[in-house]
Protein chains: 2
Amino acid sequence: MIKERKEDITTEQKILQAAKEVFTEKGLDGARMQDIADKAGINKALLHYYFRSKEKLFDVIFVEEARKFMPKLVEIMKSDMDLFEKIEKFVAEYISTLMQNPLLPIFILSEINRNPKETLKKILGNQRPPLEIVDEHLAKLAKKGVIKPIKAEQLMLNMVSLCIFPFIGRPMIQWIMKKNDKEFLAMMEERKVNVVKFITDSIRK
Amino acid sequence: MIKERKEDITTEQKILQAAKEVFTEKGLDGARMQDIADKAGINKALLHYYFRSKEKLFDVIFVEEARKFMPKLVEIMKSDMDLFEKIEKFVAEYISTLMQNPLLPIFILSEINRNPKETLKKILGNQRPPLEIVDEHLAKLAKKGVIKPIKAEQLMLNMVSLCIFPFIGRPMIQWIMKKNDKEFLAMMEERKVNVVKFITDSIRK
DNA sequence: GTCTATATTCCGATAGAC
DNA sequence: GTCTATCGGAATATAGAC
């Protein structure tokens, strides 16, 4: 933050990396500054030197992770792709993101639940997916007889649910299905196809 | 716990009720004994008198809530109902349960994520849904041409995802869709039908 | 910038009177 | 059983040397 030479960038980076790991795993309340310091290979005082307080450090991590978590539903849905292409693109991309950041959903959604208003204002502001546009789009396709009638709200909620939930329920799912980490990820990889098929089979006429 | 006369049952009850509210809202780490005491209208010392420690009190709440959370997938799936009836029954019953306990999923799944092994052993043991039976069942129906081929694993994961996720993402969903609590619950009520339709439309041939 | 040592705050838990 | 007062530890945060 103050030193600027090449090798020294790494201290702040190391802190951020360590903080990300500890916070995503334990949440704000469960995380310990000591653990973050240990993982970063430095000591507690230095954390405060760089970020003043636990809350401030947490905020940096949180908004960064929240950005990753928010699906690009808006952009994808507004593009001029075919509906079925949109669904395929969204599901595949989003599941890929989550496979690389498996703890993201439970981390973000837990924190939102603990402190909804503040948190949501911070990360969403007034962003909203273009439900009306998608609704028109769906209505048109339904009229043409290409798909069954469905509300954008419901369709998008279903898409998101099918992508995100397995990661939130991951430990339980692995336990019940007796899968190790590798097998779970393989299942998620398969799911990219399965979920798309599940959705399109449902809405297609 | 010690006194047995009628009016006095309420102290322990009051504690349990207060503890349930605070723990489900804040989680183990975020909950404060002081808040529980305040909400129960007693003082901290009395909490310890009744439950010895925060952890012990938490455990009581947790196993009680976990039982509610675990869907009766096993029983329903093993019954001799028609597949589509099973799906309908499961979805409607489960969404009803969650509407009455909206914080249940995020509470249980957060705690599982913080401490997977211990927690899962405690609440699940060796319980597992009869995936093989359902798989056979699904294979038979697929052969008859009633449904498209699908793995039990995927079907059940999809069912559970579609029911649970909206409650986990509730604050975010309400924010994005500009719905108040009443409107959200109305949407979940509608969803009982919508989700069943979504699933059956997908697998039916 | 980085460390050691220490201050400060908070919170779970206990002692002891009633 | 219930309360007030207090202890003791843990965790965040700061002071100050290097």
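Sequence lines set the chain letters: A, B, ... in the order given, protein chains first and strands last, and positions in each chain run from 1.
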Inset, instruction - Could you tell me the separation between the CZ atom of B/Phe51 and the C1' atom of D/dT2, rounded to a whole number of Å? - result: 15 Å

Legend entry - Proximal nucleotide (of C/dA13, C/dC3, C/dT14) relative to the B/Lys54 side chain: C/dA13

Inset, instruction - Nearest 0.5 Å please: distance from the CG atom of B/Leu109 over to the CD1 atom of B/Ile164. - result: 6.5 Å

Inset, instruction - Would you mind classifying the nucleic acid contact of B/Leu47 as base, sugar-phosphate or nothing, using non-hydrogen atoms under 4.0 angstrom? - result: nothing

Legend entry - Whole-Å distance separating the CZ atom of A/Arg52 from the P atom of D/dA15: 10 Å

Inset, instruction - Can you tell me the distance, in whole Å, between the CG atom of B/Asp29 and the P atom of C/dG12? - result: 11 Å

Legend entry - First of A/Met33 and B/Leu46 reached from the 5' end of DNA chain D, by closest nucleotide: B/Leu46

Inset, instruction - Tell me what B/Ala31 touches on the nucleic acid: a base, only sugar-phosphate, or nothing, going by heavy atoms under 4.0 Å. - result: sugar-phosphate

Legend entry - Rounded interatomic separation in angstrom, taking CG from B/Leu57 and P from C/dG12: 11 Å

Inset, instruction - Indicate whether OP1 or OP2 belonging to D/dT2 is found under 4.0 Å from a side-chain N or O atom of B/Asn43. - result: no

Legend entry - Heavy-atom closest pair, residues B/Arg114 and A/Lys26: NE-O, 3.1 Å

Legend entry - Rounded distance in Å - OH (B/Tyr49) to C1' (C/dG12): 19 Å

Inset, instruction - For D/dT12, take OP1 and OP2 only and decide whether either is under 4.0 Å from a side-chain N or O of A/Arg32. - result: yes

Legend entry - Rounded interatomic separation in angstrom, taking NZ from B/Lys44 and P from D/dC7: 13 Å

Inset, instruction - Tell me whether the OP1 or OP2 atom of D/dA13 has a side-chain N or O from A/His48 closer than 4.0 Å. - result: yes

Inset, instruction - Could you check whether the rings of B/Tyr94 and B/Phe69 sit parallel, tilted or perpendicular, using 30° and 60° as the cut-offs? - result: tilted

Inset, instruction - In plain terms, say whether B/Asp201 and A/Lys148 are close enough for a salt bridge, that is, a side-chain N and a carboxylate O under 4.0 Å apart. - result: yes

Inset, instruction - Let me know the distance between NZ of A/Lys56 and C1' of D/dT14, rounded to the nearest Å. - result: 14 Å

Inset, instruction - To the nearest Å, give me how far apart CG (B/Asp38) and P (D/dT2) are. - result: 16 Å

Legend entry - Atom pair CG (A/Asn113) and CD1 (A/Ile108), whose distance is rounded to the nearest 0.5 Å: 12.0 Å

Inset, instruction - Using a cut-off of strictly less than 4.0 Å, decide whether B/Thr11 has a side-chain nitrogen or oxygen near OP1 or OP2 of D/dT2. - result: yes

Inset, instruction - Please check the phosphate of C/dT2 (OP1 and OP2 only) for any side-chain N or O of A/Tyr50 closer than 4.0 Å. - result: yes

